[in-house]
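Before any comments, here is the structure.
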Protein chains: 2
Amino acid sequence: MKNIRPKLIRLFKVGYCTPQIARIAKTINEPSATLHYNIKKLENEGAIKTYKAVFDYEKIDEGFCVYLFIKLTAKAGADPDQIVGELARYEKVDSADIIAGEWDVVLKVRTKNQDEYYDVLKSILTREGIEKSTSVISLKQAKTEFVLL
Amino acid sequence: MKNIRPKLIRLFKVGYCTPQIARIAKTINEPSATLHYNIKKLENEGAIKTYKAVFDYEKIDEGFCVYLFIKLTAKAGADPDQIVGELARYEKVDSADIIAGEWDVVLKVRTKNQDEYYDVLKSILTREGIEKSTSVISLKQAKTEFVLL
DNA sequence: TCAAAAATTGAATTTTATTCAGATAGATAA
DNA sequence: TTATCTATCTGAATAAAATTCAATTTTTGA
């Protein structure tokens, strides 16, 4: 057994998919060549970043989802963009935003369970530049990435 | 001019894409038939919900992104699942979660600008079952849907 | 240890994306 | 208005890719 599954999941999380022109052609009743032209245009403009899969995260061992709010230390020379850029690179971080208001950053973190979340949280909170945080657990997801669940 | 662009965007937000087996085959050096078998298995298990596009939201007129926190009215007979299910169906709602803590629901909303967001907010807040809300604006996005920006 | 089920694979087939050149529509400027 | 340029559209040919299938190997469970 080659256990290709985890490799597929890793690739599909960020890309390795492509438009189904023939299916779109049937759906909106336009010629494939016309759709091809318009799709390439969207890609070349940079309007489309990638094509990827959306998962039932329970089924790929990422059923535990938390919104992690972070307050950065106000310190001369510290660059919030850089810190968030680094946090965004964590494998288990689904999304990373700099936000207005009481907190500076919100991360959406997906892990298998609470234990695994605690590991991620520890590794984030022990970094330089982080003052405090609060974790808001998602109890139920009705929609993600524009896809109804 | 047929203006196919908005139709493409609408379709690509939820699906109409498919795996690039040939590219994956080259990347991880496995036979296409083997990958095909493993991918179909993931799909049949329901582990993969759909294949879709990720956008540069600025470029498709959805550059304004807000996390909208909602507190539901505590009322006998009111079903949070149903309310959230309905909110999730809004076109401009990217994600919808029921959460633990001070607030009951968080929506990620993407609109063209603040004016358009205000329209969405009004239409949500005038619904039954909503007690109060707070809007947290995303100032900068470093990652969405596991895709670095 | 052995039978059944699951997973792998090369080759054939079917389907799909891509290319391209001609046509059409839209925009621009005189 | 009309001429000219550019962008968009499209059918048909080509190239590339997904899918199927039957044979093989591996894994599972009794």
Side-chain angles (χ1 to χ4, degrees), chain A residues 1-63 91 112-113 145-148, chain B residues 1-63 91 112-113 145-148:
Chain A
M1 236 265 279
K2 301 184 119 189
N3 207 18
I4 285 167
R5 204 183 135 105
K7 291 179 190 168
L8 286 175
I9 291 172
R10 191 151 16 86
L11 295 179
F12 282 151
K13 262 195 191 171
V14 296
Y16 291 88
C17 299
T18 192
Q20 279 185 301
I21 297 181
R23 183 147 83 97
I24 298 169
K26 278 176 206 154
T27 304
I28 65 175
N29 200 38
E30 298 285 357
S32 291
T34 305
L35 296 176
H36 186 268
Y37 174 86
N38 279 276
I39 291 168
K40 286 302 157 203
K41 195 157 163 284
L42 277 170
E43 292 174 3
N44 294 334
E45 281 173 14
I48 291 176
K49 307 280 300 180
T50 192
Y51 304 98
K52 59 157 289 182
V54 176
F55 301 95
D56 181 331
Y57 291 97
E58 290 280 355
K59 292 190 176 148
I60 62 165
D61 288 340
E62 300 188 18
E91 189 197 333
K112 182 177 170 56
N113 52 36
E145 301 161 58
F146 289 107
V147 177
L148 286 166
Chain B
M1 234 264 278
K2 301 185 117 189
N3 207 18
I4 285 166
R5 204 182 134 105
K7 291 178 189 168
L8 286 175
I9 292 172
R10 190 151 17 86
L11 295 178
F12 282 151
K13 262 195 192 172
V14 296
Y16 291 88
C17 299
T18 192
Q20 279 186 301
I21 296 180
R23 185 148 81 97
I24 298 169
K26 278 176 206 154
T27 305
I28 65 175
N29 199 37
E30 297 286 356
S32 291
T34 306
L35 296 175
H36 186 268
Y37 174 87
N38 280 275
I39 291 168
K40 286 303 157 203
K41 193 156 163 285
L42 277 169
E43 292 174 3
N44 294 335
E45 281 173 13
I48 291 175
K49 307 280 299 178
T50 192
Y51 304 98
K52 58 156 288 182
V54 176
F55 300 95
D56 182 330
Y57 291 98
E58 290 281 354
K59 292 191 176 147
I60 61 164
D61 288 341
E62 300 188 17
E91 189 197 333
K112 181 176 171 54
N113 52 36
E145 300 162 57
F146 289 107
V147 177
L148 286 165

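The basis for the numbers below is simple: all heavy atoms, side chains too, and nothing from hydrogens, waters or symmetry mates. Keep in mind it's a predicted model, so treat the numbers as computed, not measured.
- Applying the 4.0 Å criterion to OP1 and OP2 of dT8(D), one finds that Asn38(A) has every side-chain N and O outside that range.
- The closest side-chain heavy-atom distance from Ile28(B) to Leu11(A) is below 4.5 Å.
- One atom, CG of Leu42(B), and another, P of dA7(C), lie 11 Å apart when rounded to the nearest Å.
- Note: Phe12(A) and Tyr51(B) have perpendicular aromatic rings, judged against thresholds of 30 and 60 degrees for the angle between ring planes.
- Counting heavy atoms from C-beta outward, Thr50(A) and Val14(A) have side chains that stay 4.5 Å or more apart.
- Rounding to whole angstrom units, CD1 of residue Ile4(A) and P of dT26(D) are separated by 14 Å.
- Rounding to whole angstrom units, CD of residue Glu43(B) and P of dA18(D) are separated by 12 Å.
- By the 4.5 Å heavy-atom criterion applied to side chains, Lys13(A) and Glu62(A) are counted as neighbours.
- Going from atom CD of Glu30(A) over to atom C1' of dT24(C) covers 15 Å, rounded to whole Å.
- At the heavy-atom level, Ala33(A) lies under 4.0 Å from base atoms of the strands shown.
- The separation between Tyr51(B) atom OH and dA17(D) atom P is 17 Å, rounded to whole Å.
- Spacing between atom CD1 of Ile24(A) and atom P of dT18(C) amounts to 11 Å, rounded to whole angstrom units.
- Contact annotation: Ser32(A) does not reach the phosphate of dA17(C) (side-chain N/O to OP1 or OP2, under 4.0 Å).
- Residue-to-nucleotide proximity on DNA chain D shows that, of Lys41(A) and Arg23(B), the 5′-proximal contact is made by Lys41(A).
- Nearest to the side-chain atoms of Tyr37(A) among the listed nucleotides dT8(D), dA17(C), dG10(C) stands dT8(D).
- Between Leu35(A) atom CG and dT8(D) atom C1' the separation is 13 Å, expressed in whole Å.
- From Thr18(A), atom OG1 reaches atom CD1 of Ile21(B) across 12.0 Å, with rounding to the nearest 0.5 Å.
- Whole-Å rounding puts the Lys7(A) NZ to dT8(C) P distance at 10 Å.
- An OP1 or OP2 oxygen of dA18(D) is reached within less than 4.0 angstrom by no side-chain nitrogen or oxygen of His36(B).
- For dT8(D), neither phosphate oxygen OP1 nor OP2 lies less than 4.0 angstrom from any side-chain nitrogen or oxygen of Lys2(B).
- Checking dA7(C), dT9(C), dA18(D) against the side-chain heavy atoms of Gln20(B) singles out dA18(D) as nearest.
- Ranked by how close their nearest DNA chain D nucleotide is to the 5' end, Lys40(B) and Met1(A) are led by Lys40(B).
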